Protein chains: 2
Amino acid sequence: MPYHHGDLRRALLAAGLSLLEKRGPAQVSLREVARVAGVSHNAPYRHFDSREALLAALAADGFEALGVAMEQAAEGRTGFERLRALGIAYIAFARAQPAVYLLMFGPELVKDPFPALKAVAERSFEVLRQAIETIVPVETRRAAVIGAWALVHGLSHLIADHQFPPDFAEEDKLDALIEDVLAIYRQGLARGAEPH
Amino acid sequence: MPYHHGDLRRALLAAGLSLLEKRGPAQVSLREVARVAGVSHNAPYRHFDSREALLAALAADGFEALGVAMEQAAEGRTGFERLRALGIAYIAFARAQPAVYLLMFGPELVKDPFPALKAVAERSFEVLRQAIETIVPVETRRAAVIGAWALVHGLSHLIADHQFPPDFAEEDKLDALIEDVLAIYRQGLARGAEPH
DNA sequence: ACCTGAACACCGTTCAAGT
DNA sequence: ACCTGAACACCGTTCAAGT
């Protein structure tokens, strides 16, 4: 009597995550996931309406984890130091879970039919918005938030998609590069905040 | 006698592009592409080794077009003005061809088996690298290039994936936002270039 | 060279049925 | 409630055959 009271759902998600990481989103099939979990090809429909719904659940878990990581990074820090910690935490998530990150921000999952996804995604944005609010004057605030998000997202996405030159394969070098890039943007914000 | 001497290849790519834009990369099937082009489900194999090879060809065309657009943007401009033009041109490409852009930088296409893809992609990077070279001191050059790429890529990707708040749906507002964001990064570069 | 039709092993999804 | 097996309409890919 395997998978009573809801364990199957977790087992299916675990199998889906494993497939996603090992073989990419296109290879996540409900039938394969069922096979890995040891149930019939049809059992997953008790927990997910469709293949897309399972992918959406994996992405939602990712947004949830990202939101938590960012809230923790923000806690107990202020000003530019908080902003830096948020950037590092965001990118760290993408480095730790590249496949999930690419799913969260990729076209293989059409997000419109899953409004819960959007809501969870907005939490991370909100944390970033508040951090920027305290260090940038009102006029440039919107561009500052969008720019900060775009910068960390761009770094994260390029890293997850292996688009960087091979000299950054070593973790330490990548760490240093990320710090330098964030510093450039921070200086741009600081200068914009100065009177001119 | 339709599709003699190589026209079929173009017709298949056109059908693939149309499917990609209308229904996403997962819906681009060789059989559907063949149907649209009016040939048997097997005819595409004369021109593409696999479904992935057709997607790779669409992505390669995208990188090619992006490279050309960036070279044109760089031409006749220097310094920060050239850098700005490159950023705008890069983002303009993503706005004009969001589906292709997402394919170029997404996981539904595993790029390793298509080395030609990587080569074409590096052309755009090279144009950016040269533009940065003329305005930033050697020490911070690497971070400046990666950061510039990450920033425009992040903006492009978030726009293509519809992740921005709805107030930027209007083209003009989005144009202004992009200019402001690029300006922040430019100021960061300028400050980094100053003696301190 | 380029195209076709049959075939195979996969999918997602639905349905009727079992406990 | 949760699971199963049969069924349907799709895929990608291969093969033997036609012009």
Side-chain angles (χ1 to χ4, degrees), chain A residues 1-59 99 103 106-114, chain B residues 1-59 99 103 106-114:
Chain A
M1 25 120 217
Y3 306 126
H4 29 40
H5 42 263
D7 272 22
L8 178 53
R9 191 190 143 87
R10 234 204 310 275
L12 293 169
L13 284 172
L17 182 61
S18 163
L19 274 172
L20 178 66
E21 284 170 342
K22 275 190 221 130
R23 297 197 267 152
Q27 301 301 319
V28 179
S29 82
L30 281 184
R31 288 175 103 113
E32 180 69 19
V33 158
R35 226 172 276 132
V36 172
V39 293
S40 86
H41 71 266
N42 212 346
Y45 283 95
R46 292 294 129 196
H47 300 277
F48 301 101
D49 282 347
S50 65
R51 175 183 177 276
E52 278 227 289
L54 184 140
L55 288 176
L58 288 172
L103 178 68
E108 52 282 337
L109 182 58
V110 181
K111 285 131 216 138
D112 297 347
F114 304 98
Chain B
M1 32 129 212
Y3 306 127
H4 29 41
H5 42 262
D7 271 22
L8 179 53
R9 191 190 144 89
R10 236 204 309 274
L12 293 169
L13 284 172
L17 182 61
S18 164
L19 274 172
L20 178 67
E21 284 170 342
K22 275 191 221 128
R23 297 198 266 153
Q27 301 301 319
V28 179
S29 82
L30 281 183
R31 287 175 103 112
E32 180 69 19
V33 158
R35 226 172 275 130
V36 172
V39 293
S40 86
H41 71 266
N42 212 346
Y45 285 94
R46 293 293 129 196
H47 299 277
F48 302 100
D49 281 347
S50 65
R51 174 181 176 277
E52 279 228 288
L54 183 139
L55 287 176
L58 289 172
L103 178 68
E108 52 283 336
L109 182 58
V110 181
K111 286 131 216 137
D112 297 347
F114 304 98

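Below, chains carry the letters A, B, ... as their sequence lines are ordered, and counting in each starts from 1. Owing to the predicted nature of the structure, the values given are computational and were not obtained by experimental measurement.
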Query - For atom CG of A:Leu8 and atom C1' of D:dT4, their distance in whole Å - result: 13 Å

Query raised in the report: Once you round it to whole Å, what is the distance between P of C:dC10 and CZ of A:Arg51?
Result: 17 Å

Requested in this report: To the nearest Å, give me how far apart CD (B:Glu32) and C1' (C:dC11) are.
Outcome: 16 Å

Report summary line: A:Arg35 atom CZ is separated from D:dG5 atom P, nearest whole Å, by 14 Å

Query - Contacts of type side chain to side chain contact (heavy atoms under 4.5 Å, CB included), residue B:Ala53, not counting sequence neighbours - result: B:Phe48, B:Asp49, B:Ser50, B:Phe114

**Report entry** Nucleic acid contacts of residues 17-30 of chain B, taken as heavy-atom distances under 4.0 Å to DNA chain D
**Finding:** B:Ser29, B:Leu30

Query raised in the report: Is the closest side-chain heavy-atom distance between B:Leu8 and B:His47 below 4.5 Å?
Result: yes

Query raised in the report: Could you give the CG-to-P distance, from A:Leu54 to C:dT13, as a whole number of Å?
Result: 11 Å

Query raised in the report: When all nucleic acid strands are considered with a 4.0 Å heavy-atom cut-off, which category describes B:Arg31: base, sugar-phosphate, or nothing?
Result: base

Query raised in the report: DNA chain D: A:Ser40 or B:Ser50, which has the more 5' nearest nucleotide?
Result: A:Ser40

**Report entry** Distance, rounded to the nearest Å, where A:Leu55 contributes CG and C:dC11 contributes C1'
**Finding:** 14 Å

Query raised in the report: Closest heavy-atom contact between A:Leu54 and A:Gly16?
Result: CD2-CA, 4.4 Å

Report task. Over all heavy atoms of both residues, which pair between B:Ala15 and B:Val36 is shortest? Give the atoms and the distance, please. Result -> CB-CG1, 3.7 Å

Query raised in the report: In dot-bracket notation, what is the pairing pattern of DNA chain C, taking Watson-Crick (N1-N3 plus N6-O4 or O6-N4) and G-U wobble (N1-O2 and O6-N3) contacts under 3.5 Å, with [ ] crossing and | for other strands?
Result: ||.|||||...|||||.||

**Report entry** Side-chain heavy-atom pair A:Leu17, A:Leu13 within 4.5 angstrom cut-off
**Finding:** no

Which donor-acceptor pairs under 3.5 Å do the side chains of residues 18-31 of chain B make with protein atoms, sequence neighbours left out?
unit_1	atom_1	unit_2	atom_2	d
B:Ser18	OG	B:Lys22	NZ	3.0
B:Ser29	OG	B:Glu32	N	2.9

Requested in this report: Looking only at non-hydrogen atoms, find the nearest pair between A:Ser40 and A:Ala34 and report the distance.
Outcome: O-CB, 3.3 Å

Query raised in the report: So, for A:Leu103 and A:Ala59, which heavy atoms are closest and what is the spacing to 0.1 Å?
Result: CD2-N, 4.0 Å

**Report entry** Where protein sits on nucleotides 14-19 of chain D, one letter per nucleotide: B base, S sugar-phosphate only, - none, heavy atoms under 4.0 Å
**Finding:** BB----

